[in-house]
Amino acid sequence: MSAFTLGAGGWRNIPLRGLAAPAFIVMVLAMMILPLPPFLLDLLFTFNIALGLIVLLAAVYANRPMDFAAFPTVLLLTTLLRLSLNVASTRVVLLQGHTGPDAAGKVIEAFGHFLVGGNFAVGIVVFLILVVINFVVITKGAGRIAEVAARFTLDAMPGKQMAIDADMNAGLISEQDARKRRAEIAREADFYGAMDGASKFVRGDAIAGILILFINIIGGMIIGLVQHDLTAGQAVDNYVLLAIGDGLVAQIPALVISVAAGLVVSRVGADESANEDIGSQVVRQLVANPQTMMVTGGVLAALGLIPGMPHLAFIAFGAGAIWVGWWQAKRAAQQAAAAVEDKAPPQGEPGEASWEDLAPVDVLGLEVGYRLIPLVDRNQDGDLLKRIKAIRKKFAQEVGFLPPQVHIRDNLELKPNAYRISLKGVVIGEGDVYAGMYMAINPGNAVAPLPGTPARDPAFGLPATWIEGNVRDQALATGYTVVDAATVVATHLNHLMQSHAAALLGRGETQALIEHFNKQAPKLIDDLTPKLIPLSTFTRVLQGLLEEGVHIRDMRSIVETLTDHAARSTDAAELLAQVRITLGRAILQMLFGPATEIEMLVLEPDLERVLAQSANGAAGEPLGIEPGLAENLARDLLAGAQRLENLGKPPALLVPDKLRPGLSRLARRVLPRLKVLSHAEIPEACTIRVAGMVGARGPLPG
């Protein structure tokens, strides 16, 4: 209520901007009811033309359709303004038309005489041509584009929502960013739906313009001949020309607004041109290719040499096109030379070798081809850099330690679209991505083929297709998961970091983890290292957990368990077994969730007896079994794990405590997803159901 207080200084608090729309609507209704003098009509017709130009330029300079989200409302208001002006001008034309051609103001008189030369037949033809252009060509095309865009946008909404949820679950975006992207998708659907309906306003306006013109002509002729006793020629000079001028002065702004609607709904912005207005984008894509301009200039010049052709016009335009093509080619060569010069090493006499020339090996490295440099260039706001930061943060929150930084560099020896991920100088993953394109991944339920380049998802090996941006909505609507190039690389890097977490944890990371934990429980960690076990043993225990996919977030339980058992043994394998027993509930929850009844594979009794005899009693040592038995055992483990996966259950094997380390090592070679647990790691509250028996094929050795 304080915003409308009219006390001392109260007028300053009235929201004038909020009163603009109600005032405009009241003005429109008043023009339909109250008679307006010719001078005021001139001002309103001029305002209508200016408003049309403002809307057109706002549409031209919008970078994206959503930048002009108020356009459907503007379209409705401008249509109402034109119709109300038609009503007001019709009243003046019919009441005062017998007095002369300036009865309805100077604007209508100018459009009726100057633009069509005072010839009513020419005026009618010009008016009908403008209506055909507006109604049949521009309005119909813009309405069809808006209808198709609204349909595809609504069909693609579920896929876009799933892509946002996948990015948020992968840690690529935060929950706040996910809410913003969902809201943007909803606004986009509302916008195209509104544009689909708003296009009907322009169509109805064009029909109304034709009817109003002929109503004014017929009504004016009747009034002039019957009421004012004018001759037929006088009635035509006064009423017909006034009606034509009235129709033209309303139809030209309507044509301008229709062009603006077509520009808004037909605007397609690619990633590299997302910050360009439509003029810059059209010029860049139309004349940027030197060959296009040169060939066009050559054809025009050849046509200019044909006898009977206007030689000057054709040759002049041909020469101009050839010059533009030459200038574009020269500019492209200069930019390429500048790029090579920037990357060229400084020339100079080589100095003496020193220890500074020995560069350390990066723990985690990412090398990219030259076409992928924009993805990792800080100056170009590379999206991949933000995603890598989010991956490291999510990794630290889930796994339990901060991974090393990812060192990124370009490698001209790679293919232009290739990338390579290395761990301590050894390549652990590579692939090809295409900047500016999207990878449509088939999760298994998409059957419609897509136009593009077939590929494989580098992280999980799923079938995929590289597609252009204009096919993205179609791919989402048909069940594909669509991600950009930066997301493909980031997902691959995240997958490799998770599977090589043990190799990422060195003594430096362990020391940093101890310092961080020391802030929370300073006395607890001091009692463990270096008093009871050295840092190297503590590191090997943590690496042993990470090798089998066990997170180390519960550092308090790990440290307390090691402190309790380190006095009896400092062997890393025995300490690892005790820590796994302590973390049994967390391991089961990570594999099976909160379920208390779980299904697992078990060993056949005869095979268990043979393996127990082959175990030499040393914790962590491999099982001493013959190669044939090991091969059969590996085959049975793989078959049993695949049966569980086909049923939608996590593959897991339950074995005696003594056999767990050796069988776990064998299972990681066969199928990394197969987890091996010991009897001691299963809490008493859990119920185990046998999902299958694993046994060696053929007779067991005695």
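These numbers come from the heavy atoms of this one structure, side chains and all, not from hydrogens, waters or symmetry mates.
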Quiz item: Between the side chain of Asn518 and the main-chain N/O of Ile514, is any donor-acceptor distance below 3.5 Å?
Solution: no
Quiz item: Taking all non-hydrogen atoms of both residues, which atom of Leu633 and which atom of Val694 are closest, and how far apart?
Solution: CD1-CG1, 3.8 Å
Quiz item: For Leu414 and Tyr419, what are the C-alpha separation, side-chain angles and deciding distance, and is it a side-chain contact (heavy atoms from CB on, under 4.5 Å)?
Solution: CA-CA 7 Å; Leu414 292 176; Tyr419 69 92; 5.7 Å; no
Quiz item: If only atom types and distance count, is the side chain of Thr570 paired as donor or acceptor with the main-chain N or O of Ala566 below 3.5 Å?
Solution: no
Quiz item: Any side-chain heavy-atom pair from Leu575 and Phe538 closer than 4.5 angstrom?
Solution: no
Exercise. Look up atom OG1 in Thr539 and atom CD in Gln511, then write down how far apart they are to the nearest 0.5 Å.
Key: 8.5 Å
Exercise. Answer yes if the side chains of Asn632 and Arg635 hold a donor-acceptor pair under 3.5 Å, and no otherwise.
Key: yes
Quiz item: Should Ile388 and Ile408 count as side-chain neighbours, where that means a heavy-atom distance under 4.5 Å?
Solution: yes
Exercise. Compare all side-chain heavy atoms of Leu601 with those of Leu644 and state whether any distance is below 4.5 angstrom.
Key: yes
Quiz prompt | Shortest non-hydrogen contact between Pro404 and Leu364, atoms and distance | solution = O-CD2, 4.4 Å
Self-check item: Heavy-atom donor-acceptor pair, Gln543 side chain to Leu505 backbone, under 3.5 Å
Solution: yes
Self-check item: Test side chain to side chain donor-acceptor pair (under 3.5 Å) applied to Asp362 and Gln405, Lys424, Arg409, the passing residue
Solution: Arg409
Self-check item: Worked verdict on Asp564 versus Thr561 for side chain to side chain donor-acceptor pair (under 3.5 Å)
Solution: CA-CA 5 Å; Asp564 293 339; Thr561 303; 5.7 Å; no
Quiz item: Roughly how far, to the nearest 0.5 Å, is the CG atom of Leu384 from the CG atom of Leu366?
Solution: 6.5 Å
Quiz item: Does a side-chain heavy-atom distance below 4.5 Å link Leu532 with Thr563?
Solution: yes
Exercise. Mind running side-chain contact (heavy atoms from CB on, under 4.5 Å) on Leu611 and Leu663 for me, showing each step along the way?
Key: CA-CA 9 Å; Leu611 295 178; Leu663 288 177; 4.1 Å; yes
Quiz prompt | Heavy-atom closest contact (Gly429 atom, Leu496 atom, distance) | solution = CA-CD1, 3.9 Å
Quiz prompt | Main-chain N/O of Ile533 paired to Thr529 side chain as donor or acceptor, under 3.5 Å | solution = yes
Quiz prompt | Pairwise side-chain contact, Tyr438 with Val483, heavy-atom cut-off 4.5 Å (strictly under) | solution = no
Quiz prompt | Step-by-step side-chain contact (heavy atoms from CB on, under 4.5 Å) determination, Lys389 to Lys393 | solution = CA-CA 6 Å; Lys389 293 180 181 178; Lys393 182 177 181 180; over 6 Å; no
Quiz prompt | Distance (rounded to the nearest 0.5 Å) between Glu681 CD and Thr582 OG1 | solution = 10.0 Å
Quiz item: Is it the case that more than 12 heavy atoms not belonging to Arg585 sit under 6.0 Å from its CZ atom?
Solution: no
Exercise. Determine, step by step, whether His516 and Phe401 satisfy the ring pair (Phe, Tyr, Trp, His ring centres under 6.0 Å) criterion, reporting the C-alpha distance in whole Å, the side-chain angles of both residues, the deciding distance to 0.1 Å, and the verdict.
Key: CA-CA 10 Å; His516 174 72; Phe401 73 96; over 10 Å; no
Quiz item: Counting only N and O atoms by type, is there a donor-acceptor contact under 3.5 Å from the side chain of Ser569 to the main-chain atoms of His565?
Solution: no
Quiz item: To the nearest 0.5 Å, what is the distance between CZ (Arg456) and CD1 (Ile441)?
Solution: 11.5 Å
Exercise. Quick one: closest heavy-atom pair of Glu509 and Leu402, and the distance?
Key: CG-O, 4.0 Å
Quiz item: Can you tell which of Met600, Lys649, Glu599 makes a side chain to side chain contact (heavy atoms under 4.5 Å, CB included) with Phe592?
Solution: Met600
Quiz item: More than 12 heavy atoms of other residues, nucleotides or ligands under 6.0 Å from CD of Glu645: is that the case?
Solution: yes
Quiz prompt | Shortest non-hydrogen contact from Val488 toward Pro458 | solution = CG1-CG, 3.6 Å
Quiz item: With the threshold set at 4.0 Å, does a side-chain nitrogen-carboxylate oxygen contact exist between Arg387 and Asp383?
Solution: yes
Exercise. Using a 4.5 Å cut-off on heavy atoms from C-beta on, say whether the side chain of Asn494 contacts that of Lys394.
Key: no
Quiz prompt | Approximate separation, where rounding is to 0.5 Å, of Phe460 CZ and His492 NE2 | solution = 9.0 Å
Self-check item: side chain to side chain contact (heavy atoms under 4.5 Å, CB included) partner of Val482, the single match among Met439, Gln474, Arg472
Solution: Arg472
Quiz item: Looking at side-chain heavy atoms only, is the closest gap between Trp466 and Leu450 below 4.5 Å?
Solution: no
Quiz item: Just one of Glu574, Glu548, Glu547 clears the salt bridge (Lys or Arg N to Asp or Glu O under 4.0 Å) bar with Arg580, so which one?
Solution: Glu548
Quiz item: How many angstroms lie between atom CG of Leu535 and atom CZ of Arg540, to the nearest 0.5 angstrom?
Solution: 10.0 Å
Quiz item: If you count the non-hydrogen atoms of other residues, nucleotides and ligands that lie under 6.0 Å from CD in Glu413, is the total more than 12?
Solution: no
Self-check item: Validation row: Val427, Ile421 side chains within 4.5 angstrom (heavy atoms)
Solution: no
Practice problem: Check step by step if side-chain contact (heavy atoms from CB on, under 4.5 Å) holds for Leu513 and Leu542. | Solution: CA-CA 11 Å; Leu513 181 61; Leu542 298 181; 4.1 Å; yes
Quiz item: Is the backbone N or O of Ala680 less than 3.5 Å from a side-chain atom of Asp657, with the two atoms forming a donor-acceptor pair by type?
Solution: yes
Practice problem: Give a yes or no answer on whether the side chain of His551 reaches the backbone of Glu398 with a donor-acceptor pair at less than 3.5 Å. | Solution: yes
Quiz item: What's the shortest heavy-atom distance between Leu591 and Pro650, and which atoms?
Solution: O-CG, 3.4 Å
Quiz item: So with a 6.0 Å cut-off around NE2 of His679, is the heavy-atom count from everything else above 12?
Solution: yes
